Amino acid sequence: MYQKKPGAFMADWWDADGRRHRKQFATSAAAKEHEHRETALAHAERASREMKLAARTSSVKRPRAKAENGTIEPAKGKLGIMIPGMGAVATTFVAGVEAIRKGLAKPIGSLTQMGTIRLGKRTEGRSPKVKEFVPLAGLDDLVFTGWDIFEDNMYEAATNAGVLDYRLLEQLKPFLSSITPRAAVFDHNYVKKIDGPNVKKGKTKMALAEQVRDDIRDFKKTSGATRLVTMWCGSTESYIEPTAAHQSIKSFEKALRENDEMIAPSMIYAYASLMEGVPFANGAPNLTVDLPVMLELSRKNEAPICGKDFKTGQTLIKSVLAPAFKARLLGLSGWYSTNILGNRDGEVLDDPGSFKTKEESKLGLLEHILQPGLYPELYGNMYHKVRINYYPPRGDNKEGWDNIDIFGWLGYPMQIKVDFLCRDSILAAPIVLDLVLFLDLAKRSSELRGLGVQEWLSFYFKSPMTAPGLYPEHDLFIQSMKLKNTLRHLKGEELITHLGLEYYD
Ligand SMILES: NC(=O)c1ccc[n+]([C@@H]2O[C@H](COP(=O)([O-])OP(=O)(O)OC[C@H]3O[C@@H](n4cnc5c(N)ncnc54)[C@H](O)[C@@H]3O)[C@@H](O)[C@H]2O)c1
């Protein structure tokens with residue numbers, strides 16, 4: 001609930017399908033009551049859907065993955081990574097992979113490269129590396145291409161982004177200079193703060209999609225890749241809501257032919273990739289693949305999808321602290337988050353349309369983690385605000401402040417202040433690496449490739465996509481358990497519940 005202006009109080013809640021609603025009331029009490037009632041109803045509805053889903057899945061005995069041995073195809077040959085948006089995140093990722101391949105640096109922050117996975121009981125001492133447990137593409141097998149509205153090659157773009165030290169970039173120069181951007185599908189109405197010359201021309205959006213499909217086929221042929229993955233690292237597009245055009249393949253294709261303005265450029269890349277059977281991950285908060293048409297295409301063409309919006313700095317910390325408050329039943333009266341950043345992403349987010357897309361993505365998390373409908377005395381009244389301020393001197397080195405007002409036993413108030421001096425793209429690059437390797441694994445897995453949304457990759461996102469009707473899981477540690485249990489399941493290992501009674505028999 002929040003006050004819009006004197007005498008106008010807004011009830012603000014999420015329904016069972018994850019849609020946000022607001023309704024105006026004359027008094028705060030009426031708004032609060034309405035919000036609590038609607039939130040409780042949404043929770044009840046979701047709980048009942050989950051129980052039905054659980055009943056359905058438990059009555060159909062799923063064969064253990066072990067019985068399906070051999071259903072993860074080996075990671076043979078090269079994996080081609082295609083990146084719409086060759087800016088700070090993309091160049092930090094590609095330069096990082098090359099630096100690691102040359103032995104110049106370590107893949108810090110990457111679960112696929114440095115993480116381990118415990119198997120069996122705590123007493124068994126089995127904890128292989130993730131990359132040895134499941135068959136992932138090796139870093140030496142990765143090849144890259146991308147699209148951007150600017151003509152800079154990856155060396156120039158990385159230099160402009162100013163994330164990596166020039167001494168490191170000089171050592172990678174021949175490799176990075178060899179990756180030049182393909183012409184982009186771009187619409188200034190969706191990203192107001194930038195414009196560039198390297199843009200495709202076409203009579204209709206369908207013609208543009210065909211050109212992206214040609215690019216994909218061309219890259220596959222010229223790079224010799226056996227498999228491909230597309231990873232959106234482009235700017236945040238203006239906020240839009242799904243319309244009739246996004247509801248099915250048929251309506252979407254009609255809209256492409258008719259140049260429907262509700263089709264954003266990122267959707268054109270997604271459509272082209274999924275039509276080519278290529279998995280697609282969305283690192284920005286735009287809708288892109290979070291649409292019925294993309295789910296339908298993904299399942300039909302067995303091209304896994306996931307998104308949206310990398311969980312890197314402030315939201316990562318939020319998804320760690322908020323579950324701690326809830327686990328200990330500590331109340332929350334307010335959470336004020338503000339950021340300063342000066343990179344191109346910050347400049348794009350200075351536009352109200354792009355900021356709204358980001359704001360929606362950042363705001364949803366607390367309500368989902370804290371469940372005010374279930375705990376009205378603790379979280380029914382919380383005030384949550386997120387601000388992003390473009391401040392050029394900082395470049396990519398963002399500073400995120402959080403002021404958190406909590407309350408404990410007998411309602412006594414306390415405060416927590418977080419000041420995170422982070423590096424946006426340094427936090428995002430290992431996420432990109434893990435996502436492309438895991439999406440490629442999903443594509444090679446007979447169990448995962450036809451599912452559409454890969455919810456087990458929620459771990460990496462601010463606004464995790466889920467199957468229709470399911471609320472997203474935001475708690476980082478539940479997400480981590482979900483990811484690792486998915487890997488154990490794929491390999492026919494026992495899932496780990498952390499019950500642990502067997503140690504005391
Ligand atoms: N770095 C982080 O921590 C982080 C976290 C979450 C989400 N993100 C998102 O990741 C995306 C990339 O971030 P960044 O810091 O690299 O931004 P950036 O501005 O440095 O790079 C984005 C690039 O996309 C290009 N672009 C825009 N529209 C395009 C289009 N239609 N086709 C092809 N290229 C296009 C721009 O020219 C630019 O080079 C942003 O949407 C950002 O919000 C970043």
Side-chain angles (χ1 to χ4, degrees), residues 81-93 146-150 157 161 184-194 196 212 229-242 246 262-274 279-291 294 305-316 339 341 343-365 386 388 390 396 398 424-425 427-429 431-436 439 453-454 457-458 460-465 472:
I81 297 168
M82 306 185 293
I83 314 178
M86 287 170 40
V89 171
T91 53
T92 307
F93 157 63
W147 294 266
D148 206 288
I149 62 170
F150 298 110
V185 176
F186 187 67
D187 180 347
H188 187 63
N189 289 325
Y190 276 92
V191 185
K192 297 231 163 61
K193 291 274 173 176
I194 56 173
V212 177
V229 171
T230 308
M231 174 80 240
W232 175 266
C233 291
S235 309
T236 299
E237 295 173 331
S238 269
Y239 182 79
I240 53 167
E241 295 199 351
H246 306 118
M262 297 310 278
I263 296 189
S266 64
M267 295 174 195
I268 297 179
Y269 291 101
Y271 169 81
S273 300
L274 300 181
F280 190 102
N282 180 15
N286 337 305
L287 288 176
T288 313
V289 277
D290 202 0
L291 295 167
M294 302 298 174
I305 50 176
C306 64
K308 52 195 197 290
D309 205 5
F310 302 127
K311 179 151 85 174
T312 48
Q314 195 165 51
T315 314
L316 172 71
N339 297 274
L341 79 163
N343 56 14
R344 192 181 281 152
D345 185 31
E347 190 183 353
V348 166
L349 293 174
D350 218 25
D351 171 64
S354 294
F355 174 69
K356 180 151 170 59
T357 310
K358 194 61 132 185
E359 187 188 27
E360 290 285 323
S361 168
K362 279 177 169 262
L363 280 178
L365 167 132
V386 178
I388 299 178
Y390 178 52
D396 199 64
K398 181 158 89 179
D424 250 8
S425 305
L427 291 168
I431 296 185
V432 176
L433 176 60
D434 287 357
L435 283 172
V436 294
L439 268 188
V453 178
Q454 305 294 310
L457 297 174
S458 302
Y460 296 106
F461 295 111
K462 276 198 207 45
S463 294
M465 284 168 55

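Quantities reported herein were computed from a predicted structural model and do not represent experimental measurements.
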Does any donor atom in the side chain of Y239 or E241 lie under 3.5 Å from an acceptor atom in the other side chain?
yes
Write down the atom of [X], the atom of [Y], and the distance for their closest heavy-atom approach.
{"X": "M465", "Y": "V453", "value": "O-CG1, 3.4 Å"}
{"X": "V289", "Y": "C306", "value": "CG2-O, 4.0 Å"}
{"X": "P464", "Y": "P472", "value": "O-CB, 3.6 Å"}
{"X": "S425", "Y": "A88", "value": "OG-CB, 3.4 Å"}

If you measure from the Lys or Arg side-chain nitrogens to the Asp or Glu carboxylate oxygens, is any gap between D351 and K193 under 4.0 Å?
no
Do K398 and D424 meet the salt-bridge criterion of a basic N to acidic O distance under 4.0 Å?
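A salt bridge links D424 with K398.
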Say you draw a straight line from [atom1] of [X] to [atom2] of [Y]; how long is it, rounded to the nearest 0.5 Å?
{"X": "L435", "Y": "I81", "atom1": "CG", "atom2": "CD1", "answer": "10.5 Å"}
{"X": "D148", "Y": "F186", "atom1": "CG", "atom2": "CZ", "answer": "9.0 Å"}
{"X": "S238", "Y": "F355", "atom1": "OG", "atom2": "CZ", "answer": "13.0 Å"}
{"X": "H246", "Y": "L287", "atom1": "NE2", "atom2": "CG", "answer": "7.0 Å"}
{"X": "L433", "Y": "M231", "atom1": "CG", "atom2": "CE", "answer": "11.0 Å"}
{"X": "L274", "Y": "M294", "atom1": "CG", "atom2": "CE", "answer": "6.5 Å"}

Within-4.5 Å side-chain heavy-atom neighbours: [X] and [Y]:
{"X": "E237", "Y": "P265", "result": "yes"}
{"X": "L427", "Y": "F310", "result": "no"}
{"X": "F461", "Y": "D309", "result": "no"}
{"X": "V191", "Y": "I194", "result": "yes"}
{"X": "P279", "Y": "I305", "result": "no"}
{"X": "N282", "Y": "D290", "result": "no"}
{"X": "I263", "Y": "Y190", "result": "no"}
{"X": "K308", "Y": "T288", "result": "no"}

Could you please spell out the steps behind the side chain to side chain contact (heavy atoms under 4.5 Å, CB included) verdict for L457 and L439?
CA-CA 9 Å; L457 297 174; L439 268 188; 4.1 Å; yes
Test side chain to side chain contact (heavy atoms under 4.5 Å, CB included) on L341 and E347; report intermediate values, then the result.
CA-CA 8 Å; L341 79 163; E347 190 183 353; over 6 Å; no
Checking side chain to side chain contact (heavy atoms under 4.5 Å, CB included) between M82 and each of W232, F280, Y269, W147, which is the one that passes?
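It is W147, the one option of W232, F280, Y269, W147 that forms the side chain to side chain contact (heavy atoms under 4.5 Å, CB included) with M82.
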Please lay out, stage by stage, how D434 and Y460 fare under the test side chain to side chain contact (heavy atoms under 4.5 Å, CB included).
CA-CA 9 Å; D434 287 357; Y460 296 106; 2.9 Å; yes
